[in-house]
**Student:** 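Input: one structure, supplied below.
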Amino acid sequence: MMISSWRKRRAAKRAGKEQQSNGNGEVELTIPRDFRCPISLDLMNDPVTLSSGITYDRESIEKWIEAGSFTCPLTNQVLRSLEPIPNHVIRRKIQDWCVENRSYGIERIPTPRVPISSVEVSDILSKIEFACKKQDIEGCRALVAKLKSLAKDSERNKRCIATNGACGTLSEAFATFSASASFDDNIGVLEEILSALITMFPLDGVAKGYLVSAPAIHCLIWFLSSGDLSRRRNAVLALKELVSSMEDQRKTLNLLSDIEGTIEALFKLIKNPICSTSTKASLTIIYHMITSYSYSYSSSTSSSTSQKQVTKLVNLGIVPILLETLVDTERSTCEKALGVLDGIVENVQGKELAYNNALTMPVLVKKILRVSNTATEFSVSILYNLCKNEQREDGGVLVEALRVGAFQKLLLLLQLGCVEKTKERVSELLKMLNLHRNKVDCVDPVDQFKDLKRPF
């Protein structure tokens, strides 16, 4: 018998039972050795037995196996199987013991759900593949729903399902049903498959390969443009997963650019947000669509495609929405919104709208050295693009930048240090701003930045 840590003051007197006392009015409850996990030495919540015959708590032994140990911790025997078997006899005895000692503050351990095994996962995936070949819509939908439910039960189930190739099978099924002539009949099963895929992110290369097909991308854009909120959210998260992958990025972006309504659907998620996750995903996709071509591919066709997307966004009203978003938002969204705005101001029309918006200069200057290195770099880049060709006699945006303290902020950034490209732009901006300093009463940098912490 071993001594547990459970104690309850004077509980034995109230219960009318005799237990060991430590002399301070506290009762020390003794736990049978067989009920304790040999690894954690705690009471087992989900006892399982290995091929060596030793029983452990599931959580402890799974961590042991996941760490790369394939022997029994107690006997050091090599395990013939890594699938532990539930020990229902010990579990029931532990539950009975908990009930008998509930007056001492012991709660009965719940009966655990038996996690899914690799064999069961393989069986379900095989049935899904067979249902796809037969175009059995309802059968496939039911199997996918079952798999999704199992994945949501526990992280252990989710890992087991993902490592046995579920993402590839589900993505192949999505591609198959989205390419079917009877698309309208397949919407239900496609929605179920997409919902299941979202629970298993990140996707592996095989899964992404199936999703980067014209029918699958068309289906995702259709979901993004119509349907309920969860469908639109799932679609934008899947697209974000694809454009963030370097292997599939170019093909995905080409397909997205060719499909009518893509930009409009993404813009709608920013203008009328569903949740912060979908807003960030939408901004990420737009960022890649308007910048990846110009940074990665040098052809005039690619550049023209990028400019068309920017023009669409500007006409939809992206500039004021981005600036309003930047006024008060969390770090990740701020970085992504600044990244998109940086791409927008490369466009003549987009730059003009930014020039004429009263929020532009105050917001950009405020973000420098206040959010993150990334936000600072984007803010400086946007300022540089807006100021570099300023020719108006009154100084235009340069004077506006000076009025909100840009000179002091940039000077401080130069002193603190930044990446080389940003440093060059800061130097150029300081030269341009210095020509107009006599036109503006600048803010005292000591008072404005005295509490600023060095971010680099």
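Values in this document were obtained by computation on a predicted structure and should not be read as measured data.
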**Student:** Verify whether the ring centers belonging to W222 and F183 lie closer than 6.0 Å.
**Tutor:**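 Yes: the rings meet the under 6.0 Å criterion.
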
**Student:** What pairs meet the salt bridge (Lys or Arg N to Asp or Glu O under 4.0 Å) rule with one or both residues in residues 74-86, with sequence neighbours excluded?
**Tutor:**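 Matches after skipping sequence neighbours: E83-R156.
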
**Student:** Residues in side chain to side chain donor-acceptor pair (under 3.5 Å) with S122, at least two apart?
**Tutor:** none

**Student:** Please enumerate all residues that pass salt bridge (charged side-chain N to carboxylate O under 4.0 Å, His left out) together with D153, with sequence neighbours excluded.
**Tutor:** R113

**Student:** Test of understanding: with salt bridge (charged side-chain N to carboxylate O under 4.0 Å, His left out), list the residues that count as partners of K148, not counting sequence neighbours.
**Tutor:** E192

**Student:** Any chance you could measure I217, atom CD1, to S178, atom OG, to the nearest 0.5 Å?
**Tutor:**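 It comes to 9.5 Å.
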
**Student:** Measure the spacing between CG of L383 and CG of L364 and express it to the nearest 0.5 Å.
**Tutor:** 5.0 Å

**Student:** For residues 330-341, run the donor-acceptor check on the side chains, cut-off 3.5 Å, and write out each pair with its distance to 0.1 Å, sequence neighbours left out.
**Tutor:**
| residue | atom | partner | partner atom | Å |
| --- | --- | --- | --- | --- |
| E330 | OE1 | S332 | N | 3.0 |
| E330 | OE2 | T333 | N | 3.2 |
| E330 | OE2 | T333 | OG1 | 2.5 |
| R331 | NE | E335 | OE2 | 3.2 |
| S332 | OG | K336 | NZ | 2.9 |
| E335 | OE2 | S372 | OG | 2.5 |

**Student:** Can you sort out the partners of K127 under salt bridge (charged side-chain N to carboxylate O under 4.0 Å, His left out), two or more places apart, ordered by chain and number?
**Tutor:**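 In terms of salt bridge (charged side-chain N to carboxylate O under 4.0 Å, His left out), with neighbours along the sequence ignored, K127 is linked to D123.
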
**Student:** Ignoring hydrogens and angles, tell me if any N or O in the side chain of S244 forms a donor-acceptor pair with the backbone of K240 under 3.5 Å.
**Tutor:** yes

**Student:** Return all side-chain donor-acceptor pairs below 3.5 angstrom for residues 266-281, not counting sequence neighbours, or 'none' if the list is empty.
**Tutor:**
| residue | atom | partner | partner atom | Å |
| --- | --- | --- | --- | --- |
| S278 | OG | C275 | N | 3.3 |
| S278 | OG | C275 | O | 2.9 |
| T279 | OG1 | C275 | O | 3.1 |

**Student:** When rounded to the nearest 0.5 angstrom, what distance separates CG in D342 from OG in S379?
**Tutor:**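 Going from CG on D342 over to OG on S379, the span is 9.0 Å.
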
**Student:** List the atom pairs, with distances to 0.1 Å, where a side-chain N or O of residues 43-50 and a protein N or O form a donor-acceptor pair under 3.5 Å, not counting sequence neighbours.
**Tutor:**
| residue | atom | partner | partner atom | Å |
| --- | --- | --- | --- | --- |
| D46 | OD2 | R58 | NE | 2.8 |
| T49 | OG1 | T55 | OG1 | 2.9 |
| T49 | OG1 | N87 | ND2 | 3.1 |

**Student:** I'd like to know if the side chain of K367 reaches the main chain of L326, judged simply by a donor and an acceptor atom lying under 3.5 Å from each other, with no hydrogens or angles considered.
**Tutor:** yes

**Student:** Under the side-chain hydrogen bond (donor to acceptor under 3.5 Å, both in side chains) rule, what pairs show up with a residue in residues 201-216, not counting sequence neighbours?
**Tutor:** none

**Student:** Atom CG of L412 and atom CG of L369: how far apart are they, to the nearest 0.5 Å?
**Tutor:** 5.5 Å

**Student:** Is there a donor-acceptor pair under 3.5 Å between the side chain of N157 and the backbone N or O of L150?
**Tutor:**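 Side chain of N157 to backbone of L150: a pair is present.
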
**Student:** Run the salt bridge (charged side-chain N to carboxylate O under 4.0 Å, His left out) test against R108 and tell me which residues pass, sequence neighbours left out.
**Tutor:** none

**Student:** State which residue, out of I193, D136, L147, fulfils the side chain to side chain contact (heavy atoms under 4.5 Å, CB included) condition with I128.
**Tutor:**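 Running side chain to side chain contact (heavy atoms under 4.5 Å, CB included) over I193, D136, L147 with I128 returns exactly one hit, L147.
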
**Student:** Show the atom names and distances, to 0.1 Å, of all donor-acceptor pairs under 3.5 Å that link a side chain in residues 65-78 to residues at least two apart or in another chain.
**Tutor:**
| residue | atom | partner | partner atom | Å |
| --- | --- | --- | --- | --- |
| E66 | OE2 | R159 | NH2 | 2.8 |
| T75 | OG1 | Q77 | N | 3.3 |

**Student:** Please list, one pair per line, the donor and acceptor atoms closer than 3.5 Å that link side chains of residues 167-176 to other protein atoms, with sequence neighbours excluded.
**Tutor:**
| residue | atom | partner | partner atom | Å |
| --- | --- | --- | --- | --- |
| T169 | OG1 | G165 | O | 3.3 |
| S171 | OG | C167 | O | 2.9 |
| S171 | OG | A207 | O | 3.4 |
| T176 | OG1 | E172 | O | 2.8 |

**Student:** For the residue pair Q95 / T111, report whether a side-chain donor-acceptor contact shorter than 3.5 Å exists.
**Tutor:** yes

**Student:** Where the side chain of R102 meets the backbone of V99, is there a donor-acceptor pair that is under 3.5 Å apart?
**Tutor:** yes

